[in-house]
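Presented below is the structure to which this report refers.
Just so you know, ligand 1 is whichever comes first in the structure, and atom 1 is the first atom listed for that ligand. Along the sequence shown, residues carry numbers from 1. Predicted, not measured: the structure shown is a model, and the values here were computed from it.
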Amino acid sequence: MGAYSFHVENVQICVVMVGLPARGKSLIAQKIVRYLTWLSVKAKCFNVGNYRRIETAHPTADFFDVNNSEGERLRKMAAEAATADMFRWFDQEKGVVAILDATNTTKARRDWVLNLCRKRNIEPLFVESWCDDEDLILQNIIDVKTTSPDYVGQDPEQAALDFRNRIRNYEKVYETISERELTYVKLINVGSQVIINRIQSYLESRIVYYLMNLHIKPRCIWLSRHGESVFNVEGKIGGDSDLSPRGREYARQLPGLTKSSVGDQPLTVWTSTLKRTQQTAKYLPYRQLTWKALDELDGGQCDGLTYEEIEERYPEDFAARDADKYEYRYPGGESYRDVVIRLEPIIMELERQENIMIVTHQAVLRCIYAYFMNVPQDQSPWMEVPLHTLIKLEPKAYGTEVTRIKANIPAVSTYREKGQSALKK
Ligand SMILES: O=P(O)(O)OC[C@H]1O[C@@](CO)(OP(=O)(O)O)[C@@H](O)[C@@H]1O
């Protein structure tokens, strides 16, 4: 099977995070891992803090004072343990992109990482998050002190105070990246200014492009399948049929349902080029855009057939799809992997935008949802996404929150379980 891979070169990259505490480094690191994993690029984050916590679970700010030699020693040990694991992962598990999530705020520390990478032929890409926006920092401090394992069970006020002192200790030695020979991206107040230097490989440039599109303004994404279609009622896949009467009722109710969740905020609606999504979005009083990339997974020679007919006519294909639904490509059509690759520009644009509603199809919705919710490839094609249900995704600092809003309009189920024959016995 000619599976297209996003990773075309034989490079291994170490993304080295740089920046003071509470600058969103871990969030950025996790987003890079999620994005690359979604594109089937093997990526993993190595958080030095987790290694440091093995020895020192609840340090106070003094631990991070440069004059505290015991603190320095333990912090260096943690960095050594994290990088050792990281290089083992590159070697033994053929990892492609590792993220070294630590402050790396001094030139000396960066030189150390740089040399380790060079010895092993790993490309270091430094990503600095530089931020002087007090509101952003404050928000981050609140998030960190409420979620960090360093402060579990502690008084929040006390934790915030200690955390501020920790930041002060780092500020004393912080040197922003100015090394001209380094490959780096400097993100200034996430999304407002980006400085890039000496980007080399294709994969690096993709990571940089992704980082350039990120913003952290609060916003939501709403996902909906089109209303029930005539083909859905007949159990046929693909095609370009109209909505059924119940599907049309969903279209009529969708503006009210949307308003109840979106309120008066601005919204843009994206649909596919197929009639059933456009008929569904018809009454939504917002700006609308049509994307070919949002069209349903192409069923190729099976387009217009029912699952039962497919199983009868092409039993081997039916079984092959069941065995590996993500990779299986319909003859003359697409696989889930193909859909993910064509959705990549949609994800990039979604990162750039604020409130967006996407009215699309079962397979496409599964792929988009998998990106936000980090769903593994062996599960994403099997997720249940019922008709006549609006899904709200709310990206937060530590994951995405999901709310499902059901319209009270019955619809057929287009769900078929793994291993379940479509043939009537
Ligand atoms: O990958 P599976 O589970 O077959 O789901 C995709 C199928 O969902 C369907 C409905 O059965 O989507 P849609 O309702 O958007 O038309 C088919 O067109 C499409 O082939």
Side-chain angles (χ1 to χ4, degrees), residues 223-248 250-251 254 270-281 290-314 317-343 346 358-370 375-391 407 409-423:
L223 303 173
S224 173
R225 288 180 67 184
H226 52 75
E228 181 188 76
S229 72
V230 172
F231 262 33
N232 288 154
V233 175
E234 295 169 349
K236 293 176 179 165
I237 71 158
D240 190 12
S241 67
D242 291 311
L243 294 185
S244 73
R246 293 192 297 199
R248 290 201 297 273
Y250 180 65
L254 193 53
W270 296 353
T271 63
S272 76
T273 66
L274 298 169
K275 282 192 293 193
R276 54 194 186 277
T277 64
Q278 303 200 357
Q279 290 173 5
T280 305
T290 305
W291 293 78
K292 176 84 180 147
L294 289 175
D295 283 3
E296 181 56 316
L297 183 146
D298 183 350
Q301 72 178 21
C302 295
D303 188 86
L305 301 181
T306 63
Y307 289 128
E308 194 179 353
E309 287 164 339
I310 299 171
E311 189 174 358
E312 230 164 48
R313 286 188 214 176
Y314 310 107
D317 277 87
F318 192 82
R321 191 163 198 257
D322 239 28
D324 192 347
K325 198 173 174 189
Y326 189 83
E327 296 291 355
Y328 172 83
R329 179 183 284 148
Y330 280 113
E334 288 179 306
S335 64
Y336 271 83
R337 174 184 294 279
D338 294 331
V339 174
V340 161
I341 297 296
R342 79 161 138 94
L343 283 174
I346 296 275
I358 305 180
V359 182
T360 182
H361 306 267
Q362 178 159 258
V364 172
L365 202 149
R366 283 176 176 146
C367 295
I368 297 174
Y369 186 91
V375 184
Q377 289 172 0
D378 58 336
Q379 290 169 25
S380 58
W382 295 105
M383 278 184 305
E384 258 194 276
V385 226
L387 288 161
H388 302 172
T389 306
L390 189 57
I391 302 173
I409 306 164
V412 291
S413 164
T414 58
Y415 187 66
R416 195 187 64 79
E417 259 174 63
K418 187 178 168 76
Q420 179 197 351
S421 168
L423 296 176

Looking only at distances, please establish whether an N/O atom of ligand 1 is found under 3.5 Å from an N/O atom of T414.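 It does not: no N or O of T414 is found under 3.5 Å from an N or O of ligand 1.
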
Check: H361 N/O within less than 3.5 Å of ligand 1 N/O: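 N/O-N/O distance below 3.5 Å exists for this pair.
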
Quick one: do Y328 and Y326 satisfy ring-ring contact (aromatic ring centres under 6.0 Å, His included)? Show the steps, please. CA-CA 6 Å; Y328 172 83; Y326 189 83; over 10 Å; no

Return yes when Y307 approaches ligand 1 closer than 4.0 angstrom through a heavy atom, no otherwise.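 Under 4.0 Å: yes for Y307.
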
Tell me, please: is G299 in heavy-atom contact with ligand 1, that is, under 4.0 Å?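 No, that is not the case, since the closest heavy atom of the residue is not under 4.0 Å from the ligand.
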
Protein heavy-atom partner closest to atom 3 (O) of ligand 1 - residue, atom, separation in Å: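 Among all protein heavy atoms, the one nearest atom 3 (O) of ligand 1 is K325 NZ, 2.7 Å.
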
Considering only NZ, NE, NH1 and NH2 on the basic side and carboxylate oxygens on the acidic side, decide whether R276 and E296 come within less than 4.0 Å.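 Between E296 and R276 there is no salt bridge, as every charged N stays at least 4.0 Å from the carboxylate O atoms.
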
Quick test of your reading of the model: are K275 and D240 salt-bridged, counting only N-O distances below 4.0 Å?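 No.
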
Minimum distance, heavy atoms only, to atom 12 (O) of ligand 1: which one of E228, E296, E384 is it?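 Shortest heavy-atom distance from atom 12 (O) of ligand 1: E296.
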
Atom 8 (O) of ligand 1: which of R225, M383, R416, Q362 has the nearest heavy atom?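 Heavy atom nearest to atom 8 (O) of ligand 1 belongs to Q362.
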
Could you list which atoms of ligand 1 come closer than 4.0 Å to a heavy atom of N232?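 Those of ligand 1 that fall under 4.0 Å from N232 are 10 (C), 14 (O).
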
Provide the number and element of each atom of ligand 1 under 4.0 Å from a heavy atom of Y336.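 Those qualifying, in numeric order: 1 (O), 2 (P), 3 (O), 5 (O).
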
Contact list for residues 409-420, test salt bridge (Lys or Arg N to Asp or Glu O under 4.0 Å), sequence neighbours left out: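 Passing the test, one end in residues 409-420: D322-R416.
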
How would you list all residue pairs meeting salt bridge (Lys or Arg N to Asp or Glu O under 4.0 Å) that involve residues 224-237, not counting sequence neighbours?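 The answer is E228-R246, E234-K236.
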
Interatomic spacing from CG in D295 to OG1 in T271 - rounded to 0.5 Å: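 Interatomic distance, D295 CG to T271 OG1, rounded to 0.5 Å: 9.0 Å.
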
Establish, from distance only, whether the side-chain atoms of S421 and E311 form a donor-acceptor pair under 3.5 Å.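 A donor-acceptor contact under 3.5 Å links the two side chains.
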
